[in-house]
A.B. asks: 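Shown below is the structure under consideration.
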Amino acid sequence: MMNYETVCGLEVHVELSTKSKIFCGCTTEFGGEPNTHVCPVCSGMPGTLPMLNKSVVDYAIRVGLALNCDITRYNKFDRKNYFYPDLPKAYQISQLYLPICRDGKVEIETEAGKKYIGIHEIHMEEDAGKLVHDPWDDCTLIDYNRCGVPLLEIVSEPDFSSADEVIAYLEKLRDILIYLGVSDCKMQEGSMRADVNVSVKPFGSKELGTRTEMKNMNSFKAIHRAVNFETKRQIELLEEGKRVIQETRRWDENKDASFAMRSKENAQDYRYFPEPDLLPVEISDSWIRQIKENMPELPEAKRKRYVEEFSLSEYDASVITSAKELAFLFEQTTAICSKPKEVCNLIMGELMRLMSETSTLPEDLDISAEDTAKLIELVCDGKINRNTSKEVFEAMFKQKAKPEEYVKQKGLLMLDDDSLVEETIDKVINENPKSVEDYLGGKQKAFGFLVGQTMKALKGKANPQSVNRILKEKLEKL
Amino acid sequence: MKIDTELISYLEELSRLKLSEDEKNKAQSDLNRILDYIDKLAELDTADIEPLSHPFEFTNNFREDEAKPSADRELILKNAPEKKDGCFKVPKTVE
Amino acid sequence: MDLSTMTALEIGKEIKQRRLSSVEVTKNFIENIKNNDKTINAYTLVLEENALKQAEQIQKKIDNSEDLPPLAGVPAAVKDNICTKDILTCCGSKMLSNFKPPYSASAVERLEQAGAVILGKLNMDEFAMGGSTETSYFGPTKNPWDTQKVPGGSSGGSAAAVAADEAPYSLGSDTGGSIRQPCSFCGVSGIKPTYGSVSRYGLVAFASSLDQIGPIGRDIKDCAEILSVISGHDFRDFTSVNRPAIDFSSSFDGSAKSLKIGIPKNYFSAGLDKDVEKAVLEAAEVFKKIGAQIYEFELPTVEYAIPAYYIIACAEASSNLSRYDGVKYGYRSKNAENILDLFCSSRSEGFGMEVKRRIMLGSFVLSSGYYDAYYKKGLQARALIKKGFDEAFEKYDMILSPTAPTVAFKIGENISDPLKMYLGDIYTVSVNLAGIPAVSVPCGFDKEGMPIGLQLIGKAFSEPVLVKAAYAFQLNTDFHKKKAQAFKGGEQ
């Protein structure tokens with residue numbers, strides 16, 4: 001069998017989290033009763049006209065800058081014409097001729113190493129409505145709530161050579177978009193979805209093979225499997241001496257296979273032309289400068305800074321920056337308590353453990369930086385020990401407990417009073433003559449046992465350093 | 001440019017229209033007469049002329065990003081030929 | 001008082017001074033509609049009850065001596081492609097024959113705020129596609145000067161209603177001449193405003209980069225007043241221009257002194273009716289007499305205006321009319337089993353032939369493989385046409401031309417020959433392509449007594465100058481005062 005390489009390109013659709021839709025004032029909120037986030041404009045009634053939302057342009061510029069794109073200074077909108085019941089005007093307002101961003105790149109890393117994926121263009125457009133099949137009447141019901149929710153379509157160059165690279169890119173893209181605050185990128189709600197095109201060619205060949213496309217994929221897992229499946233299918237075809245047909249295929253997640261769609265759905269002639277109801281958008285230097293100045297720090301820059309400024313390991317820094325919420329918790333807590341290493345350990349350890357135990361997503365975290373800093377101070381000041389701190393943190397995580405109140409209520413504070421420790425040690429020495437003898441006879445292990453007994457008697461509330469010191473003094477005096 | 005029957009059928013499909021044979025023939029001859037006239041344009045020298053899609057070159061009209069109350073669903077559905085459960089109703093679409 | 005000889009402003013003044021009441025004026029026009037419209041068919045819907053209610057409300061305000069605009073209490077009627085809240089807006093089409101929009105067009109809102117009483121909705125060519133009002137689903141409108149003849153189109157109902165005393169003024173829309181040409185055919189006055197002057201919100205779109213709503217009235221002064229009411233920036237139309245209100249204060253001094261008027265020689269060529277040519281040239285003489293300077297010149301690219309116009313207008317229309325698919329509003333075919341069927345059957349049964357033809361032509365010029373040769377070429381021609389006007393307006397304040405190459409033709413004469421119908425738009429379409437304003441006012445009659453219109457074209461936002469010239473012309477002529485008689489006495 002010949003050696004083949006895979007060539008993939010992605011078109012990622014991202015719903016923007018602006019307050020209102022791209023061309024009218026209806027909310028962009030997900031869900032809602034059918035057709036309750038709808039007005040005459042987004043339902044395409046005769047005589048209504050689109051009104052462009054400025055934030056959509058702001059967000060698009062922000063994304064373009066983050067993905068190292070050139071920003072198109074003179075933008076126009078175009079109409080893409082096609083009939084489908086989820087598209088009330090029977091055209092989608094989009095950008096064909098002058099998209100807002102072009103020629104960007106994103107660095108990704110897989111086991112195969114680092115590489116750049118080119119961004120061909122990014123354009124602004126409007127989302128369509130939703131069709132629901134009604135089994136009772138065997139008909140289709142249409143809900144236009146999603147109609148007019150702003151979308152960015154991010155079109156990559158065909159730079160991917162494996163499913164792993166595709167996923168690494170999608171994860172990176174999602175991180176960046178979430179950090180930028182432009183989208184929640186929830187694939188399960190459809191606010192991020194991808195069209196994947198795949199072709200194969202003999203290894204080293206310059207000529208691209210015929211590609212197939214799978215539309216509206218909405219899970220990383222499905223995309224990964226689909227790319228691998230399609231690669232394999234195409235190689236098999238070529239090996240059998242057959243041709244790959246350029247077509248749109250549907251990925252069936254249950255059957256774990258892709259299927260050709262009816263050829264009629266492939267033939268599209270969208271008859272794009274300039275949207276006459278909107279004026280061109282001109283983007284000035286000062287507009288771009290203003291957006292640059294207000295750009296949030298992106299995960300990569302954060303990671304670098306964490307390593308340099310806080311001496312975190314590369315690994316720790318990358319885990320913490322993998323989710324915006326974790327990074328914010330880290331930064332805010334560190335700003336209060338100035339103990340980056342402690343904060344990092346707490347996040348990497350207890351927090352991640354609790355999150356995976358309770359299947360909590362980063363965006364659903366509800367932990368305050370003030371409380372977290374307080375907990376770290378309690379530990380570092382020797383007011384509670386490390387084991388106790390885990391219990392306190394769990395209570396903070398699960399019941400929103402306040403660390404100081406919780407420690408007081410549960411009587412978890414360490415003893416400041418050496419007299420009680422001395423008293424207890426005396427008692428332990430008296431009750432364990434055998435161990436005392438062993439220790440004095442040179443068995444170091446016996447010392448640990450005596451410390452343990454003392455801590456047990458004090459219910460762990462003693463400062464271990466004090467217990468060590470006093471026990472040693474007393475034993476030496478014997 | 002001559003429009004043949006094949007192109008007429010294609011335009012029907014693009015336009016989501018269904019013409020009778022008579023209508024098709026009439027459309028074909030009408031469109032061909034109109035195109036004959038329109039083809040006059042070919043003689044106009046338009047090299048280096050920037051296409052003008054809009055009469056005036058104004059730019060940058062925006063709406064601030066504020067959510068406004070949507071319309072009552074009753075109003076949106078009022079003119080619908082068929083509706084059900086707050087939705088527009090159509091024959092089953094193939095998925 | 002004989003309302004049939006009064007302008008809307010004169011009626012408004014009488015109402016304001018309480019020599020007439022809004023209610024009695026409204027009743028008078030409803031009476032005229034009842035008498036004349038069986039013959040004329042200008043209205044697709046008469047809102048008798050609504051109108052009387054509106055009139056009573058405005059009369060109350062007048063009786064309370066509220067300070068109201070000049071046209072308060074004067075009735076008006078609106079072309080049926082202009083949305084009226086909860087009132088049928090059918091666009092002359094079976095497709096929208098049951099459509100009641102949940103909103104009013106901005107222009108209608110502004111009229112109502114200024115105290116207009118809305119008498120009803122006016123007949124038109126289907127989706128404003130046509131030049132004779134014969135393509136209307138609701139039957140043709142008849143010309144009040146000769147009921148065998150068309151009133152022009154597409155705002156045929158709007159012009160005929162004014163000519164037949166069924167409304168003191170009306171709103172029309174103009175995409176390629178649809179206000180000016182029926183004004184010319186019916187002997188009334190009208191303005192096609194600069195693109196962006198009047199909000200298109202609520203105007204059912206035909207060709208979005210060309211459409212404008214405008215006034216039709218008994219004289220140009222009425223039209224100016226109506227235009228100042230309906231124009232102005234509207235946040236709901238992003239192509240509406242944000243600039244100060246049109247100022248007509250210097251338009252009514254009755255002088256045409258030192259106005260430089262250009263006459264494009266090449267407009268007076270084959271295809272132009274001799275009587276029309278004569279009347280228009282005589283009008284130029286009138287302008288000369290009242291102090292204007294007349295210059296002949298060559299306006300290039302005239303012959304490319306119709307091809308460019310039909311490419312661009314049909315392309316935009318094919319997209320704008322795609323939303324009529326039987327799903328959300330309007331006509332739905334009963335014979336559809338699947339969704340594709342629903343689209344195709346609803347559209348095929350709901351649209352008339354002229355609309356279908358233009359949708360297909362529009363789909364063609366945009367389709368893959370033909371875009372550059374047609375649509376793009378059309379936009380380039382448009383650029384050249386605009387340039388031609390720009391250059392002319394460096395020399396002249398305005399351009400004088402016929403509005404249409406002929407007077408009103410016989411019903412049925414051109415309907416089966418679309419190209420012939422399109423050629424009637426020769427003098428009007430380039431104005432829309434360039435986005436500039438133009439007025440049409442009566443300037444004479446042909447041998448058979450049918451009215452002839454003259455067109456004055458100006459640069460963008462020069463409506464006050466055009467109105468000044470037209471007003472001076474009407475002060476010195478009485479063509480606009482002649483009344484149509486043919487409709488009187490019922491069906492002939």
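These values consider heavy atoms only, across backbone and side chains, with no hydrogens, waters or symmetry-generated copies. Proteins come first, then strands; the chains are lettered A, B, ... in the order of their sequence lines, and each starts at number 1.
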A.B. asks: Between chain B and each of C:Phe99, C:Phe238, C:Tyr103, count heavy-atom pairs under 4.5 Å; write down the option with the most.
C.D. replies: C:Phe238
A.B. asks: Between C:Lys386 and chain B, with a heavy-atom cut-off of 4.5 Å, which part of the residue counts as in contact: side chain, backbone, both or neither?
C.D. replies: side chain
A.B. asks: Give a yes or no on this: more than 12 heavy atoms of other residues, nucleotides or ligands lie within 6.0 Å of atom NZ of C:Lys459.
C.D. replies: no
A.B. asks: Can you say whether C:Tyr370 sits under 4.5 Å from chain B via the side chain, the backbone, both, or neither, judging by heavy atoms?
C.D. replies: side chain
A.B. asks: Top residue by heavy-atom pair count (under 4.5 Å) with chain C, among B:Leu44, B:Ile34, B:Leu14?
C.D. replies: B:Leu44
A.B. asks: Report which part of C:Phe235 has an atom under 4.5 Å of a heavy atom belonging to chain B: side chain, backbone, both, or neither.
C.D. replies: neither
A.B. asks: Given heavy-atom pairs under 4.5 angstrom as the criterion, report whether the side chain, backbone, both or neither of C:Asn242 touches chain B.
C.D. replies: neither
A.B. asks: Is chain B contacted by the side chain of C:Thr301, its backbone, both, or neither, given a heavy-atom distance below 4.5 Å?
C.D. replies: side chain
A.B. asks: Picking from C:Ile339, C:Leu342, C:Leu340, what satisfies side chain to side chain contact (heavy atoms under 4.5 Å, CB included) with B:Thr93?
C.D. replies: C:Ile339
A.B. asks: Counting only heavy atoms not in B:Glu6 (residues, nucleotides, ligands), do more than 12 fall under 6.0 Å from its CD?
C.D. replies: no
A.B. asks: Less than 4.5 Å to any heavy atom of chain B: does that hold for the side chain of C:Ser363, its backbone, both, or neither?
C.D. replies: both
A.B. asks: Among all residues two or more places apart in sequence or in another chain, which pass the side chain to side chain contact (heavy atoms under 4.5 Å, CB included) test with B:Thr5?
C.D. replies: B:Gln28
A.B. asks: Taking all heavy atoms of B:Glu43 and all of C:Tyr304, pick out the closest pair and write down the distance.
C.D. replies: OE2-OH, 3.0 Å
A.B. asks: Looking only at heavy atoms and a cut-off of under 4.5 Å, which of C:Ile436, C:Thr239, C:Asn432, C:Asp417 has the most pairs with chain B?
C.D. replies: C:Asp417
A.B. asks: Could you check C:Ile311 against B:Leu41 for side-chain contact (heavy atoms from CB on, under 4.5 Å), going step by step and ending with a plain yes or no?
C.D. replies: CA-CA 10 Å; C:Ile311 288 172; B:Leu41 265 189; 3.5 Å; yes
A.B. asks: So that I can tick it off, tell me whether C:Glu303 and B:Lys40 are bridged by a salt bridge, with the cut-off set at under 4.0 angstrom between side-chain N and carboxylate O.
C.D. replies: no
A.B. asks: Which atoms of B:Ala71 come close to chain C, meaning under 4.5 Å heavy atom to heavy atom: side chain ones, backbone ones, both, or neither?
C.D. replies: neither
A.B. asks: Quick one: does B:Leu31's side chain get under 4.5 Å of C:Phe364's, heavy atoms only?
C.D. replies: no
A.B. asks: Got C:Lys376 and B:Thr46 here, is their nearest side-chain heavy-atom distance under 4.5 Å?
C.D. replies: no
A.B. asks: Let's test your reading of the structure: which of C:Ile312, C:Val327, C:Asn338 forms the most heavy-atom pairs below 4.5 Å with chain B?
C.D. replies: C:Val327
A.B. asks: How long is the span from the SG atom in C:Cys314 to the CD1 atom in B:Ile38, to the nearest 0.5 Å?
C.D. replies: 7.0 Å
A.B. asks: Of the backbone (N, CA, C, O) and the side chain (C-beta and beyond), which part of C:Leu423 lies under 4.5 Å from a heavy atom of chain B, both, or neither?
C.D. replies: side chain
A.B. asks: What residues of residues 352-359 of chain C sit under 4.5 Å from chain B when only non-hydrogen atoms are counted?
C.D. replies: C:Met353, C:Lys356, C:Arg357, C:Ile359
A.B. asks: If we check side chain to side chain contact (heavy atoms under 4.5 Å, CB included) with C:Cys344, which of these qualifies: B:Arg16, B:Glu13, B:Glu12?
C.D. replies: B:Arg16
A.B. asks: Top residue by heavy-atom pair count (under 4.5 Å) with chain C, among B:Lys83, B:Lys89, B:Lys78?
C.D. replies: B:Lys78
A.B. asks: With a 4.5 angstrom heavy-atom cut-off, is it the side chain or the backbone of C:Ala381 that approaches chain B, or both, or neither?
C.D. replies: both
A.B. asks: In residues 49-60 of chain B, which residues are in contact with chain C at a heavy-atom separation under 4.5 Å?
C.D. replies: B:Ile49, B:Glu50, B:Pro51, B:Leu52, B:Ser53, B:His54, B:Pro55, B:Phe56, B:Phe58
A.B. asks: Measure from the side-chain N and O atoms of B:Asn79 to the backbone N and O of C:Gly330, and report whether any donor-acceptor pair falls under 3.5 Å.
C.D. replies: no
A.B. asks: What part of B:Leu35 lies closer than 4.5 angstrom to a heavy atom of chain C: side chain, backbone, both or neither?
C.D. replies: side chain
A.B. asks: Which pairs pass ring pair (Phe, Tyr, Trp, His ring centres under 6.0 Å) with one or both residues in residues 1-20 of chain B, sequence neighbours excluded?
C.D. replies: none
A.B. asks: Do you know which of B:Asp39, B:Ile76, B:Leu77 has the most heavy-atom pairs with chain C at a distance under 4.5 angstrom?
C.D. replies: B:Asp39
A.B. asks: Is it the side chain or the backbone of C:Val365 that comes within 4.5 Å of chain B heavy atoms, both, or neither?
C.D. replies: neither
A.B. asks: Nearest 0.5 Å please: distance from the CZ atom of C:Phe343 over to the CG atom of B:Leu17.
C.D. replies: 12.5 Å
A.B. asks: Measure the shortest side-chain to side-chain distance between B:Leu19 and C:Met360 over non-hydrogen atoms and say whether it is less than 4.5 angstrom.
C.D. replies: yes
A.B. asks: Should we say atom NZ of B:Lys84 is surrounded by more than 12 heavy atoms from elsewhere, each under 6.0 Å from it?
C.D. replies: yes
A.B. asks: Which region of C:Tyr422, side chain (C-beta onward) or backbone (N, CA, C, O), has a non-hydrogen atom less than 4.5 Å from a non-hydrogen atom of chain B, or is it both or neither?
C.D. replies: side chain
A.B. asks: Would you check, one step at a time, whether the test side-chain contact (heavy atoms from CB on, under 4.5 Å) holds for B:Lys18 with C:Asp341?
C.D. replies: CA-CA 9 Å; B:Lys18 209 162 47 183; C:Asp341 239 21; 3.9 Å; yes
A.B. asks: Yes or no on side-chain contact (heavy atoms from CB on, under 4.5 Å) for B:Asp48 and C:Gln380, after CA distance, side-chain angles and deciding distance?
C.D. replies: CA-CA 9 Å; B:Asp48 304 324; C:Gln380 288 172 318; over 6 Å; no
A.B. asks: Please report the shortest heavy-atom distance between B:Pro81 and C:Gly326, naming the atom on each side.
C.D. replies: CG-O, 3.5 Å
A.B. asks: Counting only non-hydrogen atoms closer than 4.5 Å, does B:Phe88 touch chain C with its backbone (N, CA, C, O), its side chain (CB onward), both, or neither?
C.D. replies: side chain
